[in-house]
Amino acid sequence: MDLGELRAAVGDALVVAPDVVDGYRLDRAHFCPAGVPLGLVRARSRDDVVATLRWASAHRVPVVPQGARTGLSGGANAVDGCLLLSLDQMTAIRAIDPVERIAVVEPGVRNADLTRACWEHGLTYPPDPSSWEISTIGGNVATNAGGLCCVKYGVTREYVRALEVVLADGRVLRTGTATAKGVAGYDLTSLLVGSEGTLGVVTEVTVRLVPRPADPLTAVAFFGSARGACETVLDHRASGARPSMLELMDRGSLEAVARLKDLGFPEGTGAMLLVQSDDPDRAGAELDAFAEVARRRGGEVVVAEDREEAELLVEARRLFSPAHAALGTDLVDDVCVPLTRLADLVDGVEAIGRERDVAVMTSGHAGDGNMHPVVVFDGGDPASAARAEAAFAAIMRLGIALGGTITGEHGVGRLKVPFLGEEVGSASVDVHRSIKAALDPLGILNPGVVLGP
């Protein structure tokens with residue numbers, strides 16, 4: 001196809017060099033195919049996005065929006081004949097308003113960069129994916145991302161006040177308000193957050209900020225079994241405590257981290273809970289209460305004495321991703337269940353690993369029931385890959401059976417399309433398709449993501 005008209009509109013933002021384009025074809029998910037694109041537009045402004053979508057709509061060319069491509073569900077993967085539309089060059093923090101407590105940013109701004117910029121004003125942007133140093137706000141919006149501190153502060157959707165979005169035909173839509181209140185019309189902002197680039201391309205985000213909390217107090221508890229850790233989570237949450245972090249790592253995940261770095265875990269540990277409290281008035285009391293509950297459930301508790309020791313304890317959790325990646329090909333799951341079924345999920349995942357003869361380890365956000373079982377396998381062995389894929393599917397269905405969801409923060413992407421209908425039902429899928437048809441009648445925006453073909 002002749003791209004001359006598009007090049008005239010966006011200039012050198014259009015890249016067709018195969019070696020460059022190939023590097024943008026896919027995100028970090030396995031078992032998700034990636035096609036061969038026509039080219040890549042590295043948008044520098046809203047105008048580049050508008051021009052790209054007008055051209056694509058006129059020529060019925062699929063467009064795959066992309067952020068940092070750190071996703072784990074195939075939601076940024078190319079399809080044959082598409083244009084990749086990267087927002088990674090749109091990195092301006094346009095405003096931080098300490099009075100209104102909002103920030104206005106472009107989609108390519110890194111999560112950590114925004115948070116640190118807000119700290120200078122005594123504010124913070126709480127959603128904190130584990131990949132916060134490299135993930136972008138636009139990508140966070142696309143998947144409604146969460147993170148380690150969401151047990152107290154919530155996920156991306158709760159912080160997005162307003163959006164600027166370019167629709168499939170190139171029209172510019174503004175949703176929401178910069179004000180603290182605003183209920184005029186349908187809540188299009190919430191609809192677009194988590195829509196994974198299938199309904200429009202976000203070019204500006206207005207986010208809500210909160211006062212920067214005090215440095216948290218940190219503790220860990222080591223248990224002989226994951227069930228003891230899960231029961232501690234229930235007891236601690238039922239007490240009315242509001243931890244700013246409550247993370248679980250099972251035996252397999254601790255062993256994986258120990259291979260990467262010796263952090264002195266006690267021998268025979270079956271699970272670890274990491275807890276933080278940043279309440280300036282009650283942090284000490286909350287950690288004391290946690291320690292009491294954990295010991296009653298058989299846990300061995302260590303409370304950090306200073307910031308350096310606290311950072312060392314948190315490092316164990318943040319090392320989980322590189323630790324399991326070092327063991328082989330990894331397939332990262334993302335199921336969320338009611339807290340009362342958390343132990344059933346962790347035990348069930350372990351059983352699935354045994355039954356399918358694959359290594360499975362579980363870590364995640366125990367405080368809100370969002371766990372990340374990881375299947376590790378030999379990517380060069382078709383039989384091992386088949387067992388891993390079967391285990392992944394079994395974990396998905398276990399989450400649904402326990403009253404949970406197939407994704408708490410990674411999105412459906414392409415990876416989980418077969419399971420969406422099983423969770424939400426046929427009527428909901430029909431409504432999804434109707435909304436998609438209304439906003440993208442030609443079906444050019446990220447085709448195949450969320451709803452499948």
Side-chain angles (χ1 to χ4, degrees), residues 44-46 67-68 70 87-165 174-182 189-190 192-193 202-218 242-245 276-284 286 304 306-308 310-311 314 318 365 367 409:
R44 300 154 301 191
S45 66
R46 181 189 68 187
T70 59
L87 288 306
D88 66 357
Q89 300 294 294
M90 296 179 64
T91 59
I93 298 176
R94 293 179 176 169
I96 295 176
D97 186 334
V99 175
E100 299 292 348
R101 292 184 178 175
I102 60 173
V104 181
V105 303
E106 292 184 334
V109 172
R110 296 297 194 263
N111 188 290
D113 291 341
L114 172 59
T115 301
R116 292 188 180 113
C118 292
W119 287 349
E120 297 178 11
H121 300 270
L123 301 169
T124 193
Y125 174 67
D128 63 334
S130 294
S131 59
W132 76 311
E133 292 283 4
I134 54 175
S135 64
T136 62
I137 298 300
N140 293 175
V141 169
T143 60
N144 191 24
L148 302 184
C149 293
C150 290
V151 59
K152 179 175 182 178
Y153 291 103
V155 296
T156 299
R157 179 176 283 119
E158 297 168 56
Y159 293 87
V160 177
R161 286 269 184 90
L163 294 171
E164 178 186 85
V165 180
R174 286 191 169 272
T175 74
T177 69
T179 58
K181 293 181 177 180
T189 304
S190 291
L192 288 160
V193 176
V202 173
T203 52
E204 182 184 277
V205 187
T206 301
V207 297
R208 177 172 67 92
L209 308 175
V210 300
R212 183 182 180 183
D215 287 343
L217 300 184
T218 307
R242 294 194 66 207
S244 55
M245 185 183 296
Q276 287 189 334
S277 176
D278 62 7
D279 188 314
D281 301 316
R282 301 189 65 246
E286 286 200 348
D306 52 37
R307 179 183 292 185
E308 290 71 23
E311 291 175 352
V314 175
R318 292 199 184 274
H365 319 309
E409 56 189 8

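Note that the structure is a prediction, hence the values are computed from the model and not measured.
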Shortest non-hydrogen separation from [X] to [Y] and the atoms involved:
X	Y	value
Gly108	Thr136	O-CG2, 3.6 Å
Val202	Val205	CG1-CG2, 3.6 Å
Ala283	Ser277	CA-OG, 3.3 Å
Lys152	Pro243	CB-O, 3.2 Å
Ala145	Val155	O-CB, 3.6 Å
Thr177	Thr179	OG1-OG1, 2.7 Å

Report task. Just jot down the side-chain hydrogen bond (donor to acceptor under 3.5 Å, both in side chains) partners of Glu409, sequence neighbours excluded, or say none. Result ->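 Expected list: His365, His372.
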Requested in this report: Using a cut-off of 6.0 Å, state whether more than 12 heavy atoms not belonging to Arg44 lie near its atom CZ.
Outcome: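 Atom CZ in Arg44 is packed in, count exceeds 12.
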Query raised in the report: Should we say atom CZ of Arg307 is surrounded by more than 12 heavy atoms from elsewhere, each under 6.0 Å from it?
Result: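 Atom CZ in Arg307 is not packed in, count stays at 12 or less.
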[atom1] of [X] to [atom2] of [Y]: how many Å apart, nearest 0.5 Å?
X	Y	atom1	atom2	answer
Tyr153	Arg242	OH	CZ	7.5 Å
Leu163	Thr175	CG	OG1	4.0 Å
Asp306	Thr218	CG	OG1	10.0 Å
Leu114	Thr91	CG	OG1	12.5 Å

Query raised in the report: Side chain of Thr203, backbone of Glu164: donor and acceptor closer than 3.5 Å?
Result: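 Confirmed, Thr203 side chain pairs with Glu164 backbone.
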Requested in this report: Please check if the side chain of Gln276 supplies one atom and the backbone of Ser244 the other of a donor-acceptor pair under 3.5 Å.
Outcome: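 Pair absent, no side-chain N/O of Gln276 close to backbone of Ser244.
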Atom pairs and distances, side-chain donor-acceptor, residues 206-213, under 3.5 Å, sequence neighbours left out:
residue	atom	partner	partner atom	Å
Arg208	NE	Glu158	O	3.4
Arg208	NH2	Glu158	O	3.1

Query raised in the report: Is it the case that Asn140 and Tyr159 place a side-chain donor and acceptor less than 3.5 Å from each other?
Result: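 No.
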Query raised in the report: Can you name the salt bridge (charged side-chain N to carboxylate O under 4.0 Å, His left out) partners of Glu286, sequence neighbours left out?
Result: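 If we apply the salt bridge (charged side-chain N to carboxylate O under 4.0 Å, His left out) test to Glu286, skipping adjacent residues, the hits are Arg282.
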